[in-house]
Amino acid sequence: MAIICASTSGVVSPSSSSSQKLSFPSLNKTRSGNNTSFLWFPVASSKSAARAASFSVNSRRHFRVRCQDSNKQPLVPEKQRWMFEDTEFEGPDIWNTTWYPKAKDHINTEKQWYIVDATDKILGRLASTIAVYIRGKNLPTYTPSVDMGAFVIVVNAEKVAVSGKKRTQKLYRRHSGRPGGMTLETFDQLQKRIPERIIEHAVRGMLPKGSLGRALFKHLKVYKGPDHPHEAQKPIELPLTDKRIQKLE
């Protein structure tokens with residue numbers, strides 16, 4: 001529990017008695033001009049201030065009384081100044097200020113567009129890289145609850161690759177909603193029928209579930225073949241740092 005006052009500070013410790021007298025001995029020390037310093041803040045040393053600083057407390061817990069001059073801005077401690085710019089030393093207390101993105105920080109029309117060719121790319125590793133950029137985890141301003149990510153275009157979706165025997169063993173299920181309406185397809189069958197759905201299914205599973213995930217999924221644009229209708233957005237190549245993403249013959 002903290003109590004903010006205007007001119008002094010003190011600490012009260014628990015005691016066996018239900019009531020304890022709190023006094024501030026620093027206020028009784030006088031210097032020239034009847035001014036003294038307490039925790040780097042000038043305070044007035046007067047009998048009225050000393051009497052006002054004494055009170056009774058009924059508590060079993062430690063609590064601290066912190067006071068500072070209301071006319072001065074709090075200073076950054078000297079041991080913590082390495083984390084701030086030189087112009088921030090004498091400014092307000094920004095130590096406990098948390099930045100949160102505003103609406104102007106994640107406007108969809110100002111976001112970056114990426115493009116990636118899925119030819120001979122391993123499905124899982126490609127999908128995880130796409131999900132990172134759609135989520136915005138590559139940005140220093142990443143915020144889990146905000147849509148901060150970019151748009152990603154995937155071309156040649158019919159040429160994506162998988163490892164091992166997944167081409168015949170990996171199954172995709174869909175249900176019509178009627179009893180006995182489940183349909184099973186292998187990776188090879190779905191790739192011949194709707195190749196875009198394979199990448200969409202993989203990326204969707206790596207995005208948040210809920211309204212944020214549904215909004216982020218709209219950032220993914222998957223196309224069969226090398227052509228896409230997003231030349232106006234001037235997409236750049238998606239950085240692929242994982243060397244294992246390319247399937248080796």
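Quantities reported herein were computed from a predicted structural model and do not represent experimental measurements. The figures that follow rest on heavy atoms only: side chains count, while hydrogens, waters and symmetry mates do not.
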Sequence neighbours left out, what passes salt bridge (Lys or Arg N to Asp or Glu O under 4.0 Å) with R125? Give chain and number order.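 Listed in chain order: D242.
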Check the hydrophobic clustering (I, L, V, M, F, W, Y; side-chain heavy atoms under 4.5 Å; chains of links allowed) and say if F151 and I115 are grouped together.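 Result: yes, single cluster for both.
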Would you check, one step at a time, whether the test salt bridge (Lys or Arg N to Asp or Glu O under 4.0 Å) holds for E158 with K192? CA-CA 8 Å; E158 74 280 3; K192 293 177 181 178; over 6 Å; no
Reported [atom1]-to-[atom2] distance for the pair [X] and [Y], which is rounded to 0.5 angstrom:
X    : Y    : atom1 : atom2 : value
R174 : R197 : CZ    : CZ    : 7.0 Å
I245 : I122 : CD1   : CD1   : 8.5 Å
Q246 : D120 : CD    : CG    : 5.5 Å

Check the orientation of H230 and Y223. Use parallel for under 30°, tilted for 30 to 60°, and perpendicular for over 60°.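 Judged by the thresholds at 30° and 60°, the geometry between H230 and Y223 is tilted.
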Which pair of non-hydrogen atoms, one from P226 and one from V155, has the smallest distance, and what is that distance?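 Looks like O-CG1, 4.0 Å.
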Considering all heavy atoms, the nearest P235-H228 contact: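 Heavy atoms of P235 and H228 come nearest at CG-CE1, 4.1 Å.
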Centroid separation under 6.0 Å, is that true for the rings of F187 and H201?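 Between F187 and H201, which both carry aromatic rings, the centre distance is not below 6.0 Å.
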Given the rule in the side-chain contact (heavy atoms from CB on, under 4.5 Å) test, do K159 and D117 qualify, once you have shown the distances and angles that lead to the verdict? CA-CA 9 Å; K159 298 180 182 180; D117 188 352; 5.9 Å; no
Could you check if a side-chain atom of W99 sits within less than 4.5 angstrom of a side-chain atom of D105, using non-hydrogen atoms only?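 W99 vs D105: side chains touch.
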